[in-house]
Enquirer: 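Can you read through this structure? Questions will come right after.
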Amino acid sequence: MTYIGKPLKRIEDARLVSGEGTFIDDLSPLPNIHYAAILRSPHAHARIIQIHTEEAEKLSGVIGVVTGKQVAALTRPFPVGVKVPVKYYPIAVEKVRFVGEAVAVVVAKNRYIAEDALSLIKVEYEALTPVVNIEDALSAESSVLHEEVGSNVVNHRIFRYGNIDEAFKNADHVINKKFTFPKVSATPVENYGVIANYTKSEGSYTIWSNFHGPFTLHSVMTAALKVPSNRLRIITPKDIGGSYGIKSGVFPYMVLMGVVSRIVNVPVKWTEDRQEHLMASSSGTDRVTWIEAAVKKDGTILGLKMKYADNVGGYIRAPEPACLYRTHSNSTGAYRIQNVEIEAIAVVTNKSPTGLIRGYGGPQHYFPLERMIQIISNELDLDILEVIKKNLLTKEEFPYQTASGGIYDSGDYHKALNLALESIDYEEFKAKQKEGWKNGKYLGLGFACIVEPSGSNMGYVTLALTPEERAKSLPKSGCSEGATVTIDPQGGITVRISTVPTGQGHETVAAQIVADALGVDPAMIRVVAELDTLTSPWSVASGSYSSRFAPIGSSAVYQAAHKVKRKLLEIAKNHLNTAMDKLVIGDGKVSVKNDPEKSISIKRLVGLAHWNPEGLPNGLEPGIHESAFFTLPAAKSPNELDLVNGSVTYGFVFDAVQVEVDIDTGEVKILNYTTIHDAGSLLNPNIVEGQIMGGLAHGLGAAMYEELAYDERGQFLTGSFMDYLCPTATEIPKVTIKHIETPSPLTPLGAKGLGEGNTMSAPVVIANAVTDALKPFNVSIDQLPLTPDRVWSKIHHQNAVKI
Amino acid sequence: MSIQSLKEKVKISLLVNGREVEGETEPRKLLSDFIREDIGLTGTHVGCEHGVCGSCTVLFNGKAVRSCLMFAVQANGSTIQTVEGLAKDGEQHLLQKLFTECHGLQCGFCTPGILMSSVELLNSGKKPTRREIEEMLSGHLCRCTGYKGVIEAIESACRTNECKGGEN
């Protein structure tokens, strides 16, 4: 392979560094576009008595004001993957259930006028008691958000695998802990944007948006809009300014603006502002986990019980409650634990709704799991590495089936661990740490082992239903993705993909793959990444999420390219009068092995296919236009025992992080962050490095700075970038990245996904390091982010223990 | 001032990327919106409109400013440079080349703003330390890269150019 695996520079960059990128707000695809602004609820929980829009409508330049009742009349509530009857519309109808929920939409000549008009709308509310915290929502006493549900619990499932009672009976120790993970976002620097147009004569909606899938949500949108699927055309712009999952949450606004366009009878454009984005777009769930481990005194973990409750905000919105189940197959992480009980609960509260976010479920899951490894070693007075190694899977155990049905395809976890240890001097650090404690210097070392799932199986989401409920509808499985490779009559190669990149460089990697398959220079290849549901090769699983480009999307490109290659060879075979297996492709031509004089250029072969079909071998179609759809048989639907392989490939991350804690200020300083990755074969090491650093910065933010905070009345407190703190360049520590490569046996190129691992690992590894540093104070970090005041309070509200 | 008087349009003229631009704008229109909507230079991006993310940074009389924190009328008579004005005669600016070289961008949304602040730094003639580059960058949010490639690109530009004055 000439190009795959090489650190090629990205083909996307030239336009992006020149100001020639095309983002949603840069588009003006139709004449007479008008601009929308949204009036939002100031209340966490209230009944809408009346909305007075007359004054707003009178303002010059305003062409219409739309409220929830008008939208509800033309739509149905969005479908969701649970059985409770939550009615979720893209705008409040009778009640508001979180601060920032849409209440009315103004459409005007420009955004300035639309926003002027918002201040002229008067809404009468009757305030209701809010529910803000997970534990309050679990209580039967709490005020109910959705009367038709009758409770704030919207999903509740219990899973038992192996023999959990036996495991707990045989344990020398049982250790219980509770952990809380905060509500964080990923705040792409570009906000949401939608341009919507309703064509009355066709009864069809055309919607441009920086939406990146999953395209399962296309069916959710058509159901809400009550149109056949080919009457909702979604078009994504060439460039999307980051997402990390968050922009999948733009779909309610796509529906809202579609309906608004239909009501006001003009094309409507809406560009979200930052305050709207922080208060009302999407985020990860906050989660409380109660975890219980059954352990032998040598550190062997016999069994785990985990009860966790996710806060999905004011409405349960597709694909939630999938956050509860995304890590289900790898719920025992990197360890050999076959007895597991999981109780998964989703609650609604008066906070903003949640959805996909980098790491989806992983940060929430590994925070308690990997904290427990350290706690077990402390309680048993064992070295933490001894506990890790005792339970860590060995390479001989692959492919490994987890208790809950995950099938880890390949790995060498001990090799990764050893590589990390080579990078830090463990014994020397421990000596330095002891010395430091005597002198008021608090150094800590944390570890984390993360199995990084990638390429989600569509079926895992249906774990929210019982096997009996699932049996009533068709099974869901697979992870399909499509791609098309075309060669035009003059030899121009075009690749069309449906993975909707948001900055991950899919165009570059697709070009590398096709260049290798067809033996041409990647610079000759044009990749079209903008998706159009009427013309692109897409399927239900298409889109950008679960790190699926490397294992799935790239495989579809590979297959389509090889279909084209086969066709070229078929044509060449006739002309060169030889057998297929004697032919090689490269340098822009097909030649006969060991007889390079006999060759024919690709341009000529393509010319034949287009200009002279008469000369084609019998049965061969004219033209060069091949699509391929790829899935993996490993992505099966969940079975009646609730066993599921939720992802197709599983990478590995081992982190070792050193910190220093200032006990007078509570400030945590990261001295060194070492991270070892195994993502199978790497397709482009340059892009890999960038993905890892980006994912790590997100994990660092959740660990140290970021939280979408609410007060006890549900009032939102972090509506600007001065309140919601994202890491900047000065906060990024020194990071050492190393790789091992155990290729996936499942994917054609041996690749696995990556880029989410450190988002999952950083919160817990930093918490472990801080706990380790503060050992003399007997402090255990069970909550994030590690703001100085939180750390200081932990230290000073407990009695110091002498070393 | 009443809303009405705020809506009375004002004539302004400015030099943008070396080209004379004349326009009529409401006094309340942000410079960022004027650049994007009235001049059609959509390379300048808007990410927060409260001066933190830095995406809308342009050079205003040679100084890096947040165009979302200025009104267009304040730019009357000024010289503005945006990302579209960086390449000269079809040749990319050194920083543009190095951002690609060092993988200093992913989605590219924050990149134009970062490039403009980096141009200011490069033009200043200072020889910044890595820490100083990080301090400069702390006025920009990038959620894709973790800043590593960005810092390397700017460091490398400063080295290559010896910070003598930002010529291509």
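By convention in this document, chain letters (A, B, ...) are assigned in the order of the sequence lines, proteins followed by strands, and residues within each chain are numbered from 1.
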Enquirer: To the closest 0.5 Å, what do you measure between CD1 (A:Ile732) and OG (B:Ser138)?
Expert: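 Those atoms lie 11.5 Å apart.
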
Enquirer: Going from SG on B:Cys48 to OH on A:Tyr724, what distance comes out if it is rounded to the nearest 0.5 angstrom?
Expert: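 Rounded to the nearest 0.5 Å, the SG-OH separation comes out at 15.0 Å.
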
Enquirer: Below 4.5 Å, heavy-atom pairs only: which of B:Leu105, B:Leu115, B:Thr111 has the largest tally toward chain A?
Expert: B:Leu105

Enquirer: Who among A:Thr187, A:Leu278, A:Ile240, A:Thr271 has the most heavy-atom pairs with chain B under 4.5 Å?
Expert: A:Thr187

Enquirer: For the side chain of B:Tyr147 and the backbone of A:Pro727, is there at least one donor-acceptor N/O pair under 3.5 Å apart?
Expert: yes

Enquirer: Which value, rounded to the nearest 0.5 Å, describes the distance between A:Ile11 atom CD1 and B:Thr100 atom OG1?
Expert: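 Rounded to the nearest 0.5 Å, the CD1-OG1 separation comes out at 12.0 Å.
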
Enquirer: So for B:Val52, is it side chain, backbone, both, or neither that comes closer than 4.5 Å to the heavy atoms of chain A?
Expert: side chain

Enquirer: Would you say the side chain of A:Phe721 lies within less than 4.5 Å of the side chain of B:Cys53, judging by non-hydrogen atoms?
Expert: yes

Enquirer: Who among A:Ser60, A:Ala186, A:Gly755, A:Ser28 has the most heavy-atom pairs with chain B under 4.5 Å?
Expert: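 Ranked by contacts with chain B, first place is A:Ala186.
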
Enquirer: Sort A:Gln691 into side chain, backbone, both or neither according to what part of it lies under 4.5 angstrom from a heavy atom of chain B.
Expert: both

Enquirer: Do side-chain atoms of B:Arg143 reach the backbone of A:Gly242 as a donor and acceptor pair under 3.5 angstrom?
Expert: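 No; judged by distance alone, with no hydrogens or angles, the pair does not exist.
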
Enquirer: Who wins among B:Cys144, B:Gly43, B:Gly149, B:Gly139 for the most heavy-atom pairs under 4.5 Å with chain A?
Expert: B:Cys144

Enquirer: Is any side-chain heavy atom of A:Ser720 closer than 4.5 Å to one of B:His50?
Expert: yes

Enquirer: Less than 4.5 Å to any heavy atom of chain A: does that hold for the side chain of B:Thr145, its backbone, both, or neither?
Expert: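 Backbone of B:Thr145 only, per the 4.5 Å heavy-atom cut-off to chain A.
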
Enquirer: Check whether any side-chain N or O of B:Glu135 sits under 3.5 Å from a backbone N or O of A:Thr730 as a donor-acceptor pair, and report yes or no.
Expert: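 Not at all, since once roles are kept as given, no pair shorter than 3.5 Å links the two residues.
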
Enquirer: Between B:Lys148 and A:Val735, is the side-chain contact (heavy atoms from CB on, under 4.5 Å) condition met? List the steps.
Expert: CA-CA 9 Å; B:Lys148 187 166 173 268; A:Val735 179; 5.8 Å; no

Enquirer: Who in residues 29-37 of chain B is close to chain A, using a strict under-4.5 Å heavy-atom cut-off?
Expert: B:Lys29, B:Leu30, B:Asp33, B:Arg36

Enquirer: Do B:Glu49 and A:Gln275 pass the side-chain hydrogen bond (donor to acceptor under 3.5 Å, both in side chains) test, and can you show the C-alpha distance, the side-chain angles, and the key distance before you say yes or no?
Expert: CA-CA 9 Å; B:Glu49 292 175 299; A:Gln275 188 184 15; over 6 Å; no

Enquirer: For a quick test of your reading: what N or O donor-acceptor pairs under 3.5 Å do the side chains of residues 13-24 of chain A make, sequence neighbours left out?
Expert:
from, atom 1, to, atom 2, distance (Å)
A:Asp13, OD1, A:Arg10, NE, 2.8
A:Asp13, OD1, A:Arg10, NH2, 2.9
A:Arg15, NE, A:Asp239, OD1, 3.2
A:Arg15, NE, A:Asp239, OD2, 3.1
A:Arg15, NH1, A:Glu507, OE1, 3.2
A:Arg15, NH2, A:Asp239, OD1, 2.8
A:Arg15, NH2, A:Glu507, OE2, 2.8
A:Ser18, OG, A:Ala14, O, 2.6

Enquirer: To the nearest 0.5 Å, what is the distance between CE on A:Met693 and NE2 on B:His103?
Expert: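 Between atom CE of A:Met693 and atom NE2 of B:His103 there are 11.0 Å.
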
Enquirer: If the threshold is 4.0 Å, N to carboxylate O, is there a salt bridge linking B:Glu101 and A:Lys9?
Expert: yes

Enquirer: Does the side chain of B:Gln106 pick up a donor-acceptor pair with the side chain of A:Glu12 at under 3.5 Å?
Expert: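 No donor-acceptor contact under 3.5 Å links the two side chains.
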
Enquirer: Which heavy atom in A:Gly241 sits nearest to a heavy atom in B:Cys107, and how many Å separate them?
Expert: C-SG, 3.4 Å

Enquirer: If you count heavy-atom pairs under 4.5 Å between each of A:Asn191, A:Asp273, A:Asp25, A:Asn110 and chain B, which one has the most?
Expert: A:Asp25

